[in-house]
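Take a look at the structure set out below.
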Amino acid sequence: RQAAADVVQLHDPELLPAGLRLQRAGIHVVFDAHEDVPTQLLDKPYLAPFAARLLSAAYARYERYACARLDGVLAATPHIRMRLEACNPRTLDVANYPMSEEFVPATDDGPYGEPNGVPRPEVCYVGSISAIRGIRELVQACSLLRTPVTLALAGGFSEPALAAEVAAMPGWSRVRPLGHLDRSGVAQIMRRACAGLVTLLPTASYLDALPVKMFEYMAAGIPVIASDFPRWRAIVETSDCGLCVDPRDPAAIAAAIDRLAGDPELARRMGANGRRAVEQRYNWRHEAQKLIRFHADLCRHPLAHRLAL
């Protein structure tokens, strides 16, 4: 049944054929490219290299074909926008930044969830847990820590065998596995931590990504320990909100954790800087206004770009 909508926004690549059919039926369609699928296909461990390249090229070609015929494209990162605006000039990047009000930093009376201003010796990782997201290196780093820090691990393992493997590592004794948490539970974990970890491995799909968790850590007022990718480093260093490390080096990760855990004043200052950066720039309120203007303009001039094709 046809919905009474001015615009249909598609969120999944497999819906692109349906989007073209809706377009032919006279409905305005926008594709939300929130993932760089051609690059992600190259990183799939279960695909042979030749098959991965073939699938990546085939999908990229179809994506360009479809996006050129839709009314607009939304991109999750500037990298995706630059790739797709060549086939559809009505392409806008809208980042998935957090709502700052969802994450309330700890107060001066008890930063990191402890009374009398004594930081809790804990860092956190929140999100899907997998080898490509650096879980082996994080647990190895825990075995090298010089400060009495534990790692609060919130999320589910994508590979059961990997869960058993890391649980057998010496560093696992420093890990507090929490499983899946709701939004309230995530916020509480971040309030109790002296730093948030986002040390994803350097794959093609991560190098140009904007990791949501990094901005959520910033919104929670805790410093970040992030992979030393150029795009991520620019954000962290410009905001002075954390430390960047080689995610493949457990010793470097451990040193960064020890530095922030051992210097509460530095951790507080960097955490406050990150919170300020979210309030001023990296927040959903700002991105929402861009999205509203995009759709308002689309409804006023829905077919302008396609007339020039």
Side-chain angles (χ1 to χ4, degrees), residues 39-40 42-45 119 121-155 157-159 161-177 189-190 193-218 222-264 266-267 269-271 273-274:
T39 302
Q40 284 187 338
L42 295 175
D43 289 332
K44 298 299 182 184
E122 185 168 274
V123 294
C124 67
Y125 170 89
V126 178
S128 178
I129 302 170
S130 64
I132 201 171
R133 289 174 177 260
I135 184 58
R136 288 191 181 96
E137 290 75 11
L138 285 185
V139 177
Q140 289 169 4
C142 287
S143 68
L144 303 174
L145 293 171
R146 298 178 180 275
T147 51
V149 181
T150 58
L151 167 63
L153 191 64
F157 279 87
S158 59
E159 307 149 78
L162 179 62
E165 176 189 338
V166 298
M169 292 179 175
W172 189 254
S173 62
R174 293 283 198 104
V175 177
R176 189 162 69 95
I189 289 299
M190 292 183 185
C194 63
L197 291 150
V198 56
T199 50
L200 311 186
L201 299 188
T203 64
S205 57
Y206 288 151
L207 289 173
D208 290 300
L210 292 175
V212 176
K213 292 306 171 190
M214 182 167 74
F215 299 104
E216 291 182 343
Y217 295 147
M218 293 165 64
I222 60 174
V224 303
I225 298 174
S227 300
D228 191 17
F229 304 156
R231 187 178 297 276
W232 299 15
R233 187 191 323 120
I235 294 169
V236 172
E237 291 184 351
T238 300
S239 302
D240 190 21
C241 65
L243 304 172
C244 291
V245 299
D246 182 346
R248 299 163 296 187
D249 185 350
I253 298 170
I257 293 172
D258 283 336
R259 182 181 176 191
L260 292 173
D263 192 342
L266 174 65
R269 179 177 63 79
M270 286 184 164
N273 289 343

[X] side chain to [Y] main-chain N or O, any donor-acceptor pair under 3.5 Å?
X	Y	answer
Trp172	Glu165	no
Arg136	Ala131	no
Tyr217	Leu197	yes

Please step through side-chain contact (heavy atoms from CB on, under 4.5 Å) for the pair Val224 and Trp232, ending with a clear verdict.
-> CA-CA 11 Å; Val224 303; Trp232 299 15; over 6 Å; no

When you compare the side chain of [Y] with that of [X], does any pair of heavy atoms fall below 4.5 Å?
X	Y	result
Arg174	Ser143	no
Leu210	Phe215	yes
Thr39	Ser205	yes
Met214	Val236	yes
Glu137	Ile253	yes
Asp263	Met270	no
Val198	Ser227	no
Asp246	Asp228	no

What's the verdict on side-chain contact (heavy atoms from CB on, under 4.5 Å) for Tyr206 and Arg133, showing C-alpha distance, side-chain angles and the deciding distance?
-> CA-CA 9 Å; Tyr206 288 151; Arg133 289 174 177 260; 3.5 Å; yes

Please indicate whether Arg233 has more than 12 foreign heavy atoms, meaning atoms of other residues, nucleotides or ligands, lying under 6.0 Å from its CZ.
->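 Yes, enclosed.
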
For Arg231, does the CZ atom sit with more than 12 other heavy atoms under 6.0 Å from it, leaving out its own atoms?
->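 Counting other residues, nucleotides and ligands, CZ of Arg231 exceeds 12 neighbours.
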
Check each of Thr199, Leu153, Leu201 against Ile135 using the side chain to side chain contact (heavy atoms under 4.5 Å, CB included) test, and report the only one that passes.
->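 Result: among Thr199, Leu153, Leu201, Leu153 is the only option passing the side chain to side chain contact (heavy atoms under 4.5 Å, CB included) with Ile135.
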
[X] and [Y]: which non-hydrogen atoms are nearest, and at how many Å?
X	Y	answer
Pro177	Val175	CD-O, 3.3 Å
Val245	Ala256	CG1-CB, 3.7 Å
Pro202	Pro247	CD-CG, 3.9 Å
Leu200	Phe229	O-CZ, 3.3 Å
Gly242	Pro223	CA-CB, 4.3 Å
Ala195	Ile225	CB-CD1, 4.2 Å

About how many Å separate [atom2] of [Y] and [atom1] of [X], when rounded to the nearest 0.5 Å?
X	Y	atom1	atom2	value
Ile189	Cys124	CD1	SG	7.5 Å
Ile257	Glu122	CD1	CD	11.5 Å
Leu243	Leu260	CG	CG	4.5 Å

Determine, step by step, whether Asp258 and Thr147 satisfy the side chain to side chain donor-acceptor pair (under 3.5 Å) criterion, reporting the C-alpha distance in whole Å, the side-chain angles of both residues, the deciding distance to 0.1 Å, and the verdict.
-> CA-CA 6 Å; Asp258 283 336; Thr147 51; 2.5 Å; yes

Decide yes or no on side-chain contact (heavy atoms from CB on, under 4.5 Å) for Met190 and Val126, but give the supporting numbers first.
-> CA-CA 9 Å; Met190 292 183 185; Val126 178; 4.2 Å; yes

Would you check, one step at a time, whether the test side-chain contact (heavy atoms from CB on, under 4.5 Å) holds for Ile132 with Ser158?
-> CA-CA 10 Å; Ile132 201 171; Ser158 59; over 6 Å; no

